[in-house]
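Beneath this line is the structure, given in structure tokens, with notes to follow.
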Amino acid sequence: MTAMFDQELREQLTQARQDLAAARADGDADGVQAYEGRIASLLRLASQHGIVLPHSVDEEEHNEP
């Protein structure tokens with residue numbers, strides 16, 4: 001079960017990063033803010049469960065909208 005949770009978090013993080021890149025490319029400021037918050041939230045969730053995911057410090061600093 002833990003492996004499935006780990007994999008799901010990784011997949012969601014990958015998708016959120018792709019969505020963030022698309023929002024930035026589209027000039028969608030609201031989308032950028034939302035996806036930054038989503039990424040930070042996923043990283044916090046992973047940390048709470050002892051899952052280490054590669055990330056930048058910037059990704060940790062954004063608050064959910």
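Bear in mind that the values here come from a model prediction, so they are computed numbers and not experimental data. Position 1 is the first residue of the sequence; numbering continues from there. Basis for what follows: all heavy atoms, side chains included, without hydrogens, waters or symmetry-related copies.
- Atom-to-atom distance recorded for L42:CG and L13:CG is 6.0 Å, nearest 0.5 angstrom.
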Test salt bridge (Lys or Arg N to Asp or Glu O under 4.0 Å) on E36 and R17 and set out the steps.
CA-CA 8 Å; E36 286 175 340; R17 286 173 171 156; over 6 Å; no

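- Here Q15 contributes atom CD and R38 contributes atom CZ; the two are 10.0 Å apart, rounded to the nearest 0.5 Å.
- To the nearest 0.5 Å, atom CD of residue E11 and atom CG of residue D6 are 10.0 Å apart.
- Note that CD of Q18 is 11.0 Å distant from CG of L20, once rounded to the nearest 0.5 Å.
- Using a distance-only test at 3.5 Å, with no hydrogens or angles considered, a donor-acceptor pair links the side chain of E59 to the main chain of S56.
- D28 contributes atom CG, which lies 8.0 Å from atom OH of Y35 (distance to the nearest 0.5 angstrom).
- To the nearest 0.5 angstrom, D26 atom CG is 10.5 Å from D19 atom CG.
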Assess whether side-chain contact (heavy atoms from CB on, under 4.5 Å) is satisfied between H49 and R44, documenting all intermediate values.
CA-CA 9 Å; H49 290 277; R44 279 191 302 275; over 6 Å; no

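- The two residues V32 and A23 have their closest heavy-atom pair at N-CB, 3.7 Å.
- With H55 contributing its side chain and L53 its backbone, the two residues share a donor-acceptor pair below 3.5 Å.
- The side-chain heavy atoms of P54 and R10, taken from C-beta on, include a pair separated by under 4.5 Å.
- Between L45 and F5, some side-chain heavy-atom pair lies under the 4.5 Å cut-off.
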